[in-house]
Every structure is written in C-alpha cells, then in structure tokens.
Amino acid sequence: MTSSLTTPNIWDTVTELTNSAQNNGSDPLTWSIELSSVLLSAGESVPSVELAELLVSHICWSNNVPIAWKFLEKAVSSRVVPPLLVLALFSTRVTPSRRSHPAAYRLYLELLKRHIFALDSKVNGQNYQKIMESIDDALHLNQIFGLQSCEPGLVLVEFLFSVVWMLLDASLDDENLLELVPEKKSKWPIKSMEMEIEDQNNFGENRIDRHQGLYKMNTITGLEIIGELFRNKVTSSILDLARRNMPTHWGTFMHHVRLLVGNSAALRNSKDITPEALLQLASDNRAQLSRECKTSLQQFSAVMACGSLISSAGQSYGASSSAIWLPIDLFLEDTMDGYVVATTSADETLTDLLKAHQAITQASWQDTFLGLWIAALRLVQREAEAAEGPVPRFDTCLCLLLCTTTLAIVNIVDEEESALLEEDDHKRMHEGSETQVLGKCRRSLVSSLQQLGDYESLLIPPVSVTSIANQAAAKASMFFSGISVVSGYFDGMSLNDMPAASAGNMRHLIVEACIARNLLDTSAYLWPGYVKGHGNQIPRNISGPILGWSSLMKGSPLTPPMMHALVSTPASSLAEVEKIYGIATSGSEEEKISAATVLCGASLTRGWNIQEHTGFFIIKLLSPPVPVDYCGNESHLIVHAPLLNVLLMGISSLDCVQIFSLHGLAPHLAGVLMPICEVFGSLSPTVSWTLPSGERLCPLSVFSNAFTLLLKLWRFHQPPLEHVMGDVTPVGSQLNPEFLLLARNSQLASCGNSSFPPKHRKRRFCDLFTSEPIFLDSFPKLTFWYRQHQACIASTLSDLKPGTSVYQVFDALLSMMFVKLSKGGQSLTTSTSGSSSSSGSIAEDCTLRLKLPAWEILEAVPFVLDAALTACAHGRLSPPDFTTGLKHLAVFLPASMATIVSYLSAETTRGLWKPASMNGTDWPSPAASLAMVENHINKILSATGVDVPSLTEGVTNLTLPLPLAALLSLTITYKVDKVSEVVLSLAAPALNTLGASCPWPCMAIISALWVQKAKRWTDYFVFSASRSVFHHNSHAVVQLLKVCFASAIGLPSSFPVSNGGGVGNLLGHGFGSHSSGGISPVAPGILYLRVHRSVRDIMFMTEEIISLLMHTVKDIVSTGLPFENFEKLRKPKNGMVMRYGEVSLSAAMTRIKLAASLGASLVWITGRLNLIQSLIKETLPSWFISGHKSDPNKGDSGGMIGMLMGYALAYFAVLSGAFGWGVDSVSSGSKKRPIILGSHLEFMASALDGNISLGCNKATWRAYVSGFVSLMVSCAPKWASEIDVAVLKSLSKGLRKWDEEELALALLGVSGVNAMGAAAEMIIKSSV
C-alpha cells in the first residue's frame, strides 16, 4: 500500500469503521457518509488512491462477503475511490482466483460493465495523474508494453488494452486453449500461484455445481464484455489507438483472438456475440478516426474526391487519366539532361516519387505502374523524334524505360514483400503455418502490363530497337509453342530471319526486363494477345556466326573475334557479366584488356537487365586491390596501367557517364578515379608501358583520361558569377570533389545501416567496395590543383617570379605553344627574354624541358594562359596564333583543357577584357548562319509569347568577350568525332553556361558558329541559343511558366497552344526540322526543363509558381463552374455536397488538382529538397501573412473561390512535401522532415490561436489548414508521428475552435505513441 500523506492513524480508523459497519450490517450509504467525513477531517482528497488499495485488500480474501462488496460498490459510485484503479487492482487479484472465487469474479465483471465505459468523469476528475500512475504501478503497464512515458492518457490506453487482453486470455485459459499459444502462458496474471482445492470447505455437491455453472457463465460474460468494448464508440476508438501504435503487441493479441474464435465453445454459446462478429470487430483495420474525419470534413473530402484525375470526367478538358502521372513525365524528361550528374540513383529517386505520388493521389498500384509505363513510353516517343545533338540521349532514354523503371518497381515490390515476410514469420511463430508471400504490388504490376497492351500507338518500337523487340516476341512465341529457348539461340539471328507475324513491340521488351528482374515469370508469355503468330514460323536453325555470350559461357576463349562480338552484344544475365569480370581479373594480360573492352561495350550502354552490375564491376576493376605480398615503394596501380587506360577510354563518353549517373555510381567512380589521377599525374613521362598492339602508353595519357573523366562528374566549369548573383545558388552547384566523396562515404555507411530496408542488389554491391571513407586530403597533388583552381576562379593571378620551378615550366610551355614567335625571338611577357637559339633546337629543347609529371605541368598552365591572353589583348599575339597555341597545349596534355576552360570562363565573367570582334578576320564570323539562327529561335519560342531580341537589327559589329572568343575558337578547331569528344565534352558545358550568362546575343553567336561547323546538329545548337533568352529576362521565365500552366490545364491562351491540355500539350512530341514546315515550336514544358537550372533566384520561381497556381484556380472556376453552382456547394444539405452542377465541379476540381500537381512538380524539379523545405518553412507562411485576398466577382463568390484556392494550396504543399520528404522514413529526404514540417504546423497553430495576423482570404486559410491536415492524416500519417506532441496538441486545440473536433482527433490519432494519450483524452472529451 502506498504510504499516506495524512496522519499515520487515518487508515487504522478507516479499517475500524469498515469492520464495525460490516459486523453491524450497516447501510452502505451511511458507511459511505461516515467514511467521507473521516477522510475530509483528515485532509485526504477524494477519490483516494490509498483507500482503493485498502478496500480491495480488505475483500481479498479475508472479507469476501456480500456486504463488503456493497461497501466497495458504494465507495466507487460515490467517487470516494477511483473506479479505474479499483478495476485494475481487482483484475490482478480476482482474475487469477476466478476458479475458486467465481462469485467474486462475477462481481468484478459487473463492476467492469458499470464503470469501464463512463470514462469522461475519470479523465476530468480529481487526482487523475496520481490515479493513472497507481494503475501503472499495479499492472506494470510500461514494463509490459515497453513504453517509457507515464502520461495519464497513455496509461489509460494501455489499461483499456490490458483489460481486453486479460479477459481474452482468461477465457482461453478457462477452455484450456492457452496451451496452444507459442508462449504457453499469458503475460497477464490470470492464473493463481497457489494450488486451488475446490472442496477445501467441504462444499456439497450442489454447491460445487453452482460454482462450476457460475464459472462457465463468467467465461461467456467476459467474452461479451470484450465484444461490447469493441462496439462502444469511445472504447473502440481508444483500442484503435493501440492497434495503430502498438502493432507488435496487437499482432500477438490478434493471434489469441483468432485462436479463441476458432476453438471456443463458450463463444459459440454466447447469445450476445458470435465468433465471426468478434473477429470482425477486433480485426477491423478501417481507421475509426479517419471515418470520423470524413464526417467532419465532408465538404473537403467530397470536393477533392470529385476532382479525381483517374476519373473520366477530365477527358473533355485535356486532363485525361494519364495526366495524373505528369510528375513522372517531368521527372523522366528532366533526368535526360546529359550534362547533369546525380549522386543518387534515378531508380531510388523514382521509387520515392512513385510512393509519394501514389499515397497522396490514393491511386491503386495498378494505375500507378500503368502510369509509369505510359510516361516512360511517351519519353521514348519524344526522344525518337527529337533533334540530333552532340550529347547522346537515346541510350539513356531506353535505360530509363527498361532499367530505371523496373528497378524502381523492384524496390517497391521488395519493400512490400519484405514487410509481408516479416509478418509471415511472426504468424508462423504463433500459428505454425506457412504461406507464400506474394504482395499486392506484384499482382498490380501484372495487371498493369496486361492493360498496357491496349496502348498500341505507344508500343511501336523505334527503328534502333526493332530487332531486339522482334527477338523478345519470338522468344515468347516459341515458349507458347512449347519450343525450348536456350541461351544464345538468337546470337546469330538477323532481322531478316524473323517472321513478320512475330513483330515485337515495346511491351515485349518491358516484359523481358521484368522477367530478368524476377518481377514476372514466363507465364507472362501466355497472356491473351501477347503472342502473335505461331511457333512453327520460328526458324529452328539459325545460320550465321555462332560467337556470342553462350559460347563464352560454354568455355570458348576470349579471342579478338569473340571480343568484337561481345562488345556489340549486351550480356543477358549477371552470370555472363561475372564471367567476363573473372577474365578481367585473372586472365592473361591480353585477355584482361579484351574483357575490359567488353565490359565497356554494349553491356554497359544497352545491357538494361544487368547495367548497374556492369558499372559496379568496371569501378571494381578501376580499383584493383593491393597484393598481399606487395612491398614496393610505388603505387600498385602502376602495373595495371594498360588495363586502367582501356577502362578509362571505354567509359569516357558522355552517354557512359550518364549511365553511371543514373545508377548513382558517380560518387564511387570519383572515388576510384582520384587515386589514379594522383598516382599517374605524379609519374615522369619517361615511364611507359607496351600494349599488346605494340604501341607505347605513357603516364600523361592515363592521367589525362582519368582526370578529364573525373571532371565530367562535377561542375568544374561553373563561373564565379553563380556564387555572387541571387540569394540561392542553382541546383547542383555544390557538386564538387569534396561533395562527391561525402556522398560516396555516406552511401557506403548506409550499407550497414539496419534501419534501411534490405535490398538484395544493394547489399551485394556494398561488398564490392571498401568501407573505409575517402577524403580529398588523401590526394595532396589533386588537392593542390583543386585549391589553385578555386583561387583562379575567385581572383586574378598573382605575378610569377622568375627562377622558380613553376616559372621554368611556364617558359617551356610558352615556347612549345608559340613556336613561330620563339623562332623570331619575340616575347609574350615583359619578364621573358627572347631566345635567339636556332629554330631547330627550340622544339627539342621544349620537349626535354617538359618531361615532367602532369601535376607539375598543370600548375604552370594558368600562368601560361594569363600571359597568352594578355599578349593577345595587347596585340603582341594574333588571335589565330593564340588559338593555335591553345590547341598545341591541349594536344600535348589533354588534361590541360580543364584549366583552359576554367581560366577562360573565370576571365569571361570578370569582364575585364575588351570585346573581340567576330568579323571573320581576327576571329571567326557567324554572319553566314546568324539570320537562320534568329529565324529558328523565333519559331522555337513562338508558342511562349516571349519576345526574342533581334540578332541583326541595329547591330553593326558582333562581339564576344575576348576569353569567350578564344574558348569558342579553340573548340571549333576540333573535328566532330569520337576522338575529339573527350575534349569537347569538357568545353561544351562551359560554352553553354558562359553564352547564357553573357549579354545577348553571345549564345546565338556561339550557336551560329557551331552550326557552320556541324550542320547536322543545327536544331540542337539553335535550341541551345533559344534557351538563353530566358537567362537574361526574368519576365520571360514567368511568361514561360504561365504558358506551362495554360498548356497543361487546357486553359484559353492568347498564344498558339492547344486548349486540349495534358502531357502532350505540355511536353510535346519531340522537335526538329524533320517536322512538316521545318523546325517546330518547342513545347513549353521542355523549354522550362532545359532552362530552370540556370535560374539563379529560385526563391523567386517558387513565389511565381504559387501566384500562377492561384490565378489558374480563378481562371478554371471562371471558365468551368458557373456562379449559381457556388451556393449549392457552399451549403451542403444532408451530407450531399454535389446535387447541382456536378459535372462542372468535377471537371473544375480535376483541373485544379492537375494545376497543383504541376506546380508541385515544378518546385521539386527546380530546387529539389532545399527549395521544398524553403517553400514549407518560409514561402507559404509569408504568402498567408501578406495580403492575397481574392477578388469577389459578385455575391459571396470570393469565399468560394478562396476555398478552392485553399484546397489547391493544400494539395500543392502536401504533394511538394511528399516529393521532397517521401511519405515514410525510408526516403533520404525524410531526415529533416520533422523540423521543417514541425515549424509549419507550429505556424498554423499560432495563427489559429490568434498570435499571427494573416492577410489572406479567411476561406482560403481555413480550406488550406483543413485540407493540409486532412491530407497528412489520410495520406502521410508518418509525418504526424514525427512532430512534437506539444505542437500537435496546440494545432488540435485550434482546430477545435473551428468546431473541427473530428479532424483534431484524427490528427492526434495518427501521430504515434507520443500523442496516443492526448488522442485518448480527446476521444473521451468529445463523447460528452
């Protein structure tokens, strides 16, 4: 018993009073009055915890007589003792003795029925905190449930759950069913620890029969009380909190329920509840709180539901069923940017996007997967019709369709089935049964692919993949006909060998990709309509070469002919890639080089089923382990130079770099390139290796290949302008060597993180890399160059002192670059003495003096460039000679192209040099193609309404900044071929960036000159020039956004865009001169996706998107929903929101949700997580605080428009958050979610409490808050569970002021264990 807070003898007095009243047979009421008087005089507050313990101990078991129970019942009913504590105390004393004391147990059950349902008085009563603590102490609830908090409301939930569970286990024990549970016992005290002897008082036979009858009736009564607890609105809602927030305990409880339902005779004998009814009540997963929420927010739910993008209502407005997947279309198209390197794999990002979008839109997984396939196929169609350019894109496009999308689905299916497997393991542990784990997502995938066959126009394969599609169709046809297809069957089959009836389409390729990823099996070949033609049309014997992967797997050697065959044919399985990797590690030197060549061939670019494995094996080969017995002073990498060089050259192209980027391998690739650069950049050129072909390989070549590849992985070319203009730097500017290593180290650390969901392919890949972190300081030579590079960008160079080692290299480089000047004894610098040596010895002397490691040469390159540029500016060096000298330097050391690009870029942005006249004399002239470029730019932008400045009108002299003219002139001296691509791919991004940042028409001049150089890429260069129009004019960007909204939604526009709306209108169908009438206008969405990375003030973009969304809502309502319908919607009757104007409202809401979805997608793509967090934390609160009242047209329409604006903003904000944070805890962006979201909800709570003055329309604010919270509750409940309980309570309090009781309750109900107590208390208070 708890020690008393009053005088020591008060409880002796109470005991004497009770014994006296009991002996005298006093009236319970009289005893209760006298007892209260004693407690009052002693200063003891009631209800008294100590008195409850005393009275229960008094009865059990020395005074187990009727009058004692009457005294207790009177004390409970008069609130002298707390009823719940009495029930808790009795449950631990009476329940174990229910066999020997069935009457006492019956009285306990009666007390339970009387007092367990009237919870309102207990929660609002005196000593509530103390009572709950005593209940916890009596039942050890926190210890049993593993919860640390002693919050009263939380204890109340635990207590109610324990009551139900104890009754359940007691019933199981009564029927000897408790032995069937794995633990063989209950966690509750339901059995007596002492031996019970039924006839110890020499009961008569009739007395024993009565005991047995009462005992059996008690079992039935206990089960009926369980049923009543689940039927009662208040207690069932509280139990639902336990179901939500204590899943492990609830799972065990439900196993006991199913055991009882399947075996209990007492339950079958009950007249009050059936086994089926009890099971339904206990296992009802329908969220009680969500149902209540829908009742309260009938208007919100109905309005949002009527705007379902999946319905057919939007067809007439362009918002077709596929428009719901617009965010996926935009993501896939944005991922196609060839110059952007990502540190996270595209399939992981796509996985989070799909899960978030499916959760918020509440679409089925079948529709989700179908939308994914349609979006990816639309991308293929657009790319197949797009203009050709220097950046390969089609292989990337196919990778997104056949690799990235399937990997994303693998992630989703694996996540679901892993959870089901854990649940199945738990079920087997309790029930001993085994079931096959097959998730709903996998079945949905099958249905989506079967449905995809209806979209025949999307499934037509591009010419380049027709033969592969035909082979996939032939494979299915042969299986359908019972013909076994062994590996390598199609190795020698050509397109002419395929029968016309077996023509394949893109669905055949998709299905093959899914089969390879174990998402499907070959039963897919038996789908209706999948196979066309007959197996007897398939040739049994294929003539032609037999060399291929199948012959390699059978043991054929890797000869040169075999190598050429494997280079052009992708491996079809992981085993084949592992085979070639094994040869690359353990074969002869010649075989190693051949195997490396094979890995960098078609298996990397088009091996969609094993592409990520191929990339990892290449990275593994680039980082050979140190031999165990290696004891040399030099790096072990040196002996691997020939193999490393083959790999570096094989993956140097931009399309290969993008493949690594798509799979999130860029950080790992950077991690293995840095030591190669460090080692080979430090070697003297006197070291060399003899290749199998007989050629000599020098360290400078290996270094240049590794260094230029490394530079393609980060934005080294970005000028300092991006760091000084605008409040926020463009997305991706943080991508530097340090960030790449940080990303690498983080990814490797996550491999061992047990909280991350297991993905077999990722676990396997983690084993390929060392877990040791790498830091830039580990590479001193690379670090020195990087610091010098940063200093060169930040400020002009300091003077170079003669006599130093760097000066000697500087002098030798100048002599090598400008041999003509050296022959004449001329000097480019005032400090360089002219040489009068014979001309024959100059070149030889320079060569000898430059027999230096690459790092030493690179250190002097910025000073050489500064001297040459200065000489050119002052007339001491002609522009042609300057360009020729730069070319000599880049040819001598290709890695120097990086320094050339960074130095000239930095000098361009500094604006210190006089302009260069592009007149065709000193510098090349763009005049021959400039008019055509201007005409094409106007056509490309004709759909946007943006004014294009004239290129020729009023312009007498076309100029470029001198450094930019030099860089441009250097690039056009190269041939457009594979050899030059390595160098040009470094300069191209810089030219685009500089041309866009410099005044108009610099980019147009650059494009015009390159059009003259490579006419087949005219459309590409003109498109690049057209994008620069938006870089110089923020109003043009806003205008482009307006057209994006108008084209996607299908609003009337003054510009030549279709009013049909939808994805096709927003993103178009490719562009180029191949279309009828010459080059066509580029779709506004494509333009924005190619422009947004160059917008520096992205905060401005967010504000404009919000503003455009609000205007779009007004336009939609004004064109699609007549005013007379507003009143019908605003005043719902009998729960019917839409009885009049239903079609108009449905169509309007479809378009409003599509507009919100477009806005969220644009924000996410423009700035990803950082911009979304800024939107939630800063932009939206600022918008609500500032004045944005809607303009009422007449009557109260302003309120109605305001309400729809609020709903649109809520959908926009939640969808944006879901894109950035995900809807679960798996997404990498979820780490910062509690802080940012908590801040936003705190803003809501403060505004609701009147602490913040708002300037927006009240209807907009109310609709936004209710809509945001409702979407969070129903679609992203994990968000709420991460927020501080104090914030949630405050927000719930504010919602109750709006009479939104159900929404406030729903918010607390989904907010996890920490808010469970507050939710329980609100449930009880709301029931009053």
Side-chain angles (χ1 to χ4, degrees), residues 1-15 17-18 28-59 70-92 111-139 141-142 149-160 162-163 234-235 238 1285-1286 1289 1292-1293 1296 1308 1316-1328:
M1 186 185 303
T2 306
S3 60
S4 174
L5 299 178
T6 59
T7 56
N9 62 353
I10 176 61
W11 302 119
D12 294 336
T13 303
V14 170
T15 302
L17 175 64
T18 302
L29 179 60
T30 302
W31 169 82
S32 176
I33 293 173
E34 293 177 355
L35 180 64
S36 299
S37 177
V38 171
L39 295 175
L40 183 63
S41 62
E44 179 72 13
S45 61
V46 292
S48 171
V49 169
E50 292 79 3
L51 180 59
E53 295 176 345
L54 186 149
L55 293 179
V56 171
S57 297
H58 176 75
I59 292 178
K70 290 181 180 179
F71 285 165
L72 177 66
E73 200 284 329
K74 182 56 68 175
V76 171
S77 61
S78 60
R79 299 294 187 267
V80 177
V81 293
L84 296 184
L85 178 58
V86 170
L87 294 175
L89 294 170
F90 269 134
S91 68
T92 60
L111 284 173
L112 194 61
K113 287 197 290 186
R114 290 187 185 185
H115 299 287
I116 196 65
F117 298 103
L119 296 174
D120 56 305
S121 59
K122 286 79 169 178
V123 171
N124 297 318
Q126 195 172 2
N127 296 337
Y128 173 50
Q129 174 85 31
K130 183 178 180 181
I131 293 169
M132 290 297 107
E133 290 176 356
S134 299
I135 291 175
D136 182 40
D137 292 338
L139 297 177
L141 295 175
N142 281 350
S149 174
C150 291
E151 184 188 355
L154 181 61
V155 175
L156 179 62
V157 177
E158 293 176 306
F159 169 64
L160 191 60
S162 71
V163 167
V234 174
T235 55
I238 295 176
V1285 177
K1289 287 182 178 179
S1292 297
K1293 180 181 177 182
R1296 294 183 71 190
L1308 294 176
M1316 191 162 59
E1321 292 170 356
M1322 183 175 288
I1323 289 171
I1324 295 169
K1325 292 176 182 178
S1326 299
S1327 66
V1328 178

Inset, instruction - Might you confirm whether atom NZ of Lys113 has over 12 heavy atoms from other residues, nucleotides or ligands at distances under 6.0 Å? - result: yes
Minimum-distance pair of heavy atoms, taken over all atoms of [X] and [Y]:
{"X": "Ser91", "Y": "Leu139", "result": "OG-CD2, 3.5 Å"}
{"X": "Ile131", "Y": "Gln126", "result": "CD1-O, 3.7 Å"}
{"X": "Ser78", "Y": "Lys74", "result": "OG-O, 2.7 Å"}
{"X": "Gly153", "Y": "Ala1320", "result": "O-CB, 4.1 Å"}
{"X": "Leu160", "Y": "Thr235", "result": "CD2-O, 3.7 Å"}
{"X": "Ala138", "Y": "Leu89", "result": "CB-CD2, 3.9 Å"}

Measuring from atom [atom1] of [X] to atom [atom2] of [Y], what distance do you get when rounded to the nearest 0.5 angstrom?
{"X": "Glu1321", "Y": "Ile238", "atom1": "CD", "atom2": "CD1", "result": "9.5 Å"}
{"X": "Cys150", "Y": "Met132", "atom1": "SG", "atom2": "CE", "result": "12.0 Å"}
{"X": "Leu17", "Y": "Asp12", "atom1": "CG", "atom2": "CG", "result": "12.5 Å"}

Inset, instruction - Carefully, step by step, assess Leu55 and Val81 under the rule side-chain contact (heavy atoms from CB on, under 4.5 Å). - result: CA-CA 9 Å; Leu55 293 179; Val81 293; 4.0 Å; yes
Inset, instruction - List for me each residue that meets side chain to side chain donor-acceptor pair (under 3.5 Å) alongside Glu158, sequence neighbours excluded, and say none if there are none. - result: none
Legend entry - Partner set under side chain to side chain donor-acceptor pair (under 3.5 Å) for Thr18, not counting sequence neighbours: Trp31
Does a side-chain heavy-atom distance below 4.5 Å link [X] with [Y]?
{"X": "Phe71", "Y": "Ile59", "result": "no"}
{"X": "Lys130", "Y": "Pro82", "result": "no"}
{"X": "His115", "Y": "Glu73", "result": "yes"}
{"X": "Val80", "Y": "Leu51", "result": "yes"}
{"X": "Val234", "Y": "Asp120", "result": "no"}
{"X": "Val163", "Y": "Leu87", "result": "no"}

Inset, instruction - With side-chain contact (heavy atoms from CB on, under 4.5 Å) as the test, would you mind laying out the steps for Glu53 and Trp11 before giving the verdict? - result: CA-CA 11 Å; Glu53 295 176 345; Trp11 302 119; over 6 Å; no
Quiz: residues 33-42 side-chain donor-acceptor pairs under 3.5 angstrom, not counting sequence neighbours:
unit_1	atom_1	unit_2	atom_2	d
Ser36	OG	Ser32	O	3.0
Ser41	OG	Ser37	O	3.2
Ser41	OG	Val38	O	2.8

Inset, instruction - Could you tell me whether a side-chain N or O of Ser1326 sits under 3.5 Å from a main-chain N or O of Ile1323, the two making a donor and an acceptor? - result: no
Inset, instruction - Output yes when a side-chain donor or acceptor of Asn142 lies under 3.5 Å from a complementary backbone atom of Asp136, and no otherwise. - result: no
Inset, instruction - Take Ile116 and Phe159 through the side-chain contact (heavy atoms from CB on, under 4.5 Å) test and state the conclusion after the steps. - result: CA-CA 10 Å; Ile116 196 65; Phe159 169 64; 3.9 Å; yes
Inset, instruction - Please report the C-alpha distance between Leu84 and Leu156 in whole Å, then the side-chain angles of each, then the deciding distance to 0.1 Å, and finally whether the side-chain contact (heavy atoms from CB on, under 4.5 Å) criterion is met. - result: CA-CA 9 Å; Leu84 296 184; Leu156 179 62; 3.9 Å; yes
